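Accompanying notes for the structure given below.
Remember, it's a predicted structure, so these values are computed and weren't measured experimentally.
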Amino acid sequence: MKYFLLKVGTERYWIEQDDDNYAYRQITLDEFNELHISCLEDYLSEGEISEMEIEEWKEDGWFFDLTKEEFENLWQSVIKKYEKQWKEVKKRYPIGTIVRGINSYIYPQGTIITGEDFLAVYTGNEPFYLHKEVCYKVISYDEINMWLMVV
C-alpha cells in the first residue's frame with residue numbers, strides 16, 4: 001500500500017492506494033470544509049491512479065507522500081465518531097443473519113451493498129446490477145471500514 005495527500009485548491013484527498021494503483025480507502029475534505037470517508041459514502045477515486053498522474057501532481061505541488069501511520073491516525077480520528085453506530089449495527093446483524101440491500105457501487109474490496117442502516121461488501125461471483133435488491137448472509141465484519149461482509 002502507498003499513502004499520499006493530494007491538495008487541489010481548498011480540497012484535500014488522503015488516499016490509501018493498493019498495489020494495483022487503485023484507491024482503497026480515502027478521506028476527502030471538500031470545498032465546504034466537510035469531511036467524507038469512503039467507508040460510509042461513495043467517496044473513492046475511480047479507476048487506476050497512474051504513476052504519470054502522480055508525477056504531474058508532484059510537479060504542480062499538489063502531491064505529498066504520507067506514512068501508513070499518518071494515514072491510519074487520521075482515518076481512526078475521522079471514524080471514531082461512528083464507533084457507537086458500528087457497534088449497534090453488529091448487534092443488529094450478527095454473523096449468520098440474512099440482510100437485504102441494494103447494489104450501490106463497486107470498490108476494489110467488492111460490491112458495496114446499501115442497507116437501511118448498514119453498508120456491506122459482497123465479493124462473490126454474482127453479476128453486478130446497479131440498484132438491484134439483493135439478499136446475503138453476514139459472514140464477518142470489516143472493522144476498518146465498518147462494513148458487514150456478506151455472501
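- Taking all atoms of both residues into account, the shortest heavy-atom contact from Trp75 to Ser38 is CH2-OG, 3.8 Å.
- Proximity of a side-chain donor or acceptor of Tyr141 to a complementary backbone N or O of Ile144 within less than 3.5 Å is not detected.
- The number of heavy-atom neighbours closer than 6.0 Å to CZ of Arg100, taken from other residues, nucleotides and ligands shown, is 12 or below.
- Of all non-hydrogen atoms in Ala23 and Ile15, the two that sit nearest each other are CB-CG2, 3.9 Å.
- A donor-acceptor contact shorter than 3.5 Å links the side chain of Asp30 to the backbone of Phe32.
- Residue-environment remark: CD (Glu69) stays at or below the threshold of 12 foreign heavy atoms within 6.0 Å.
- Using modelled atom types, no side-chain atom of Glu16 and backbone atom of Met1 make a donor-acceptor pair closer than 3.5 Å.
- Between Trp14 and Phe71 the shortest heavy-atom distance is O-CE1, 3.6 Å.
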*Taking it one step at a time, do Glu51 and Lys58 satisfy salt bridge (charged side-chain N to carboxylate O under 4.0 Å, His left out)?*
CA-CA 10 Å; Glu51 289 296 321; Lys58 284 180 180 178; over 6 Å; no

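- Within 6.0 Å of CD in Glu53 there are more than 12 heavy atoms belonging to other residues, nucleotides or ligands.
- The two residues Val121 and Gln109 come nearest to each other via the heavy atoms CG1-O, 3.4 Å.
- For Tyr105 and Tyr107, the distance between ring centers is under 6.0 angstrom.
- Counting all heavy atoms, side chain and backbone alike, Trp147 lies closest to Cys39 at NE1-O, 2.7 Å.
- Checking Glu143 against Trp86 by side-chain atom types alone, a donor-acceptor pair falls below 3.5 Å.
- For Glu133, the CD atom counts as densely surrounded, since its 6.0 Å shell holds more than 12 non-hydrogen atoms of other residues, nucleotides or ligands.
- Looking only at distances, no side-chain donor or acceptor of Gln85 sits under 3.5 Å from a matching main-chain atom of Tyr82.
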